[in-house]
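Take a look at the structure below.
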Amino acid sequence: MTNRVTKAVLPVAGFGTRFLPATKSVPKEILPLVDRPLVQYAIDEARAAGIKEFIFVTSRGKSALEDYFDSAPELEQALLDGKKHHLIELLKQTNMGSGAVAYIRQQERRGLGHAVWCARRLIGDEPFAVILPDDVIDADTPCLQQMVEAYAETGGNMVAAMEVEHSRVSSYGILDVEDATAASMKVRGMVEKPQPEDAPSDMAVIGRYILSPQVLTNLDSMDTGAGGEIQLTDAIAAEIGRSNNVYGYRFKGRRFDCGSKSGYLQATVAFGMAREDLREEFEEFLRGYLQVDVPKPAMRAV
Ligand code: G1P
């Protein structure tokens, strides 16, 4: 069995209810941060980590995602005719190449574990990455690349981890680790969305995983867990007892929860400010806007 990680699963079958009505017709993963869809950030990060094959677990209503990664001959011709070569260059990042991308439908929404399990035949008997595009991570070395490097030392199974506020633990998979000061923290327990009083720590799983194919085998017979769903966390936790080789990786970087409106807005500001072509004007606006005496639009409840 090879130890190189070249395949990534991207579960994108959710309704994106927190972004309705926008997500009635636009998949959440296509919502842009500045001018790039959320999913493009995930793909760039995966490519930096050496991923060559991308497996999207989709559902009805996600065809915009498939179009996004397809070639667009009319658009490219129009740009060519208009001599807009820089835009043609820009479109190249959306090009997947034949055979590099696969779409699998999750026919029933039965949880993250089930979504990943749907991709099992395309993964086969090798380690693979899972990327949740909602979690956007800004880092000097892309998060998954950091993990691939750490995984070369540890092997086994690895989840990205960071500390969250104690009151927020019920939104995450939470780890019980041996030594919270290590970068690769040996995990001795993990639980999906515990109540704060039951949480073993405040160390949360963030949406990047490197998993052994055994986790897929565990999912074959996984019962429903938290929220009545088949949980990826539970299938990974089963590996602690079975082979004791699960690690939480404390990545360097800043994570934005783009599955929430507030996190998405924060990411928009951060990525907007990071853009050379926008920073000056945007910063001037933000500074002025945040001054208390500037008139603001009335607050609107929805
Ligand atoms: C999923 C996982 C959870 C993890 C989180 C990270 O939860 O089930 O363990 O902590 O992603 O974003 P979800 O946000 O899909 O409810």
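Indexing begins at 1, ligand by ligand and atom by atom, following the structure's order. For clarity, every value in this text was computed on a predicted model and none was experimentally measured.
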Query raised in the report: Cluster question for you: counting only ILVMFWY and a side-chain heavy-atom cut-off of under 4.5 Å, with indirect links fine, are Val246 and Phe251 together?
Result: no

Query raised in the report: Linking I/L/V/M/F/W/Y whenever their side-chain heavy atoms sit closer than 4.5 Å, directly or via other members, would Leu132 and Leu232 fall into one cluster?
Result: yes

Query raised in the report: Which atoms of ligand 1 sit under 4.0 Å from any heavy atom of Val205?
Result: 4 (C), 5 (C), 6 (C), 10 (O)

Report summary line: Under 4.0 Å from one or more heavy atoms of Gly173, ligand 1 contributes atoms 3 (C), 4 (C), 9 (O), 10 (O)

Query - Any Leu112 heavy atom less than 4.0 Å to ligand 1 - result: yes

Query raised in the report: For ligand 1, is any non-hydrogen atom under 4.0 Å from Asp134's backbone (N, CA, C, O), its side chain (CB onward), both, or neither?
Result: neither

Query raised in the report: Where's the contact between Thr233 and ligand 1, heavy-atom distance under 4.0 Å: side chain, backbone, both or neither?
Result: side chain

Query raised in the report: Quick one: hydrophobic cluster around Ile88, which other residues, with the 4.5 Å side-chain cut-off, linked directly or via members?
Result: Leu75, Leu79, Leu80, Leu87, Leu90, Leu91

Query raised in the report: With a 4.5 Å limit on heavy-atom distance, are the side chains of Arg36 and Tyr41 in contact?
Result: yes

Requested in this report: For atom 11 (O) of ligand 1, find the nearest protein heavy atom and state the residue, atom name and distance (0.1 Å precision).
Outcome: Leu132 CD1, 3.4 Å

Report task. Tell me which protein heavy atom sits closest to atom 12 (O) of ligand 1, plus the residue, atom name and distance to 0.1 Å. Result -> Asp135 OD2, 2.8 Å

Requested in this report: Return yes when at least one protein heavy atom is under 4.0 Å from atom 14 (O) of ligand 1, and no when none is.
Outcome: no

Query raised in the report: With sequence neighbours left out, what residues match Lys7 under salt bridge (Lys or Arg N to Asp or Glu O under 4.0 Å)?
Result: Glu126

Query - Option set Glu192, Lys193, Arg255, Met190, criterion heavy-atom distance to atom 9 (O) of ligand 1, minimum - result: Glu192

Query - Residue pair Glu108 / His114, side-chain donor-acceptor N/O under 3.5 Å - result: no

Query raised in the report: Could you walk me through whether Arg18 and Lys28 pass the side-chain contact (heavy atoms from CB on, under 4.5 Å) check?
Result: CA-CA 9 Å; Arg18 279 188 278 185; Lys28 177 177 64 174; 6.0 Å; no

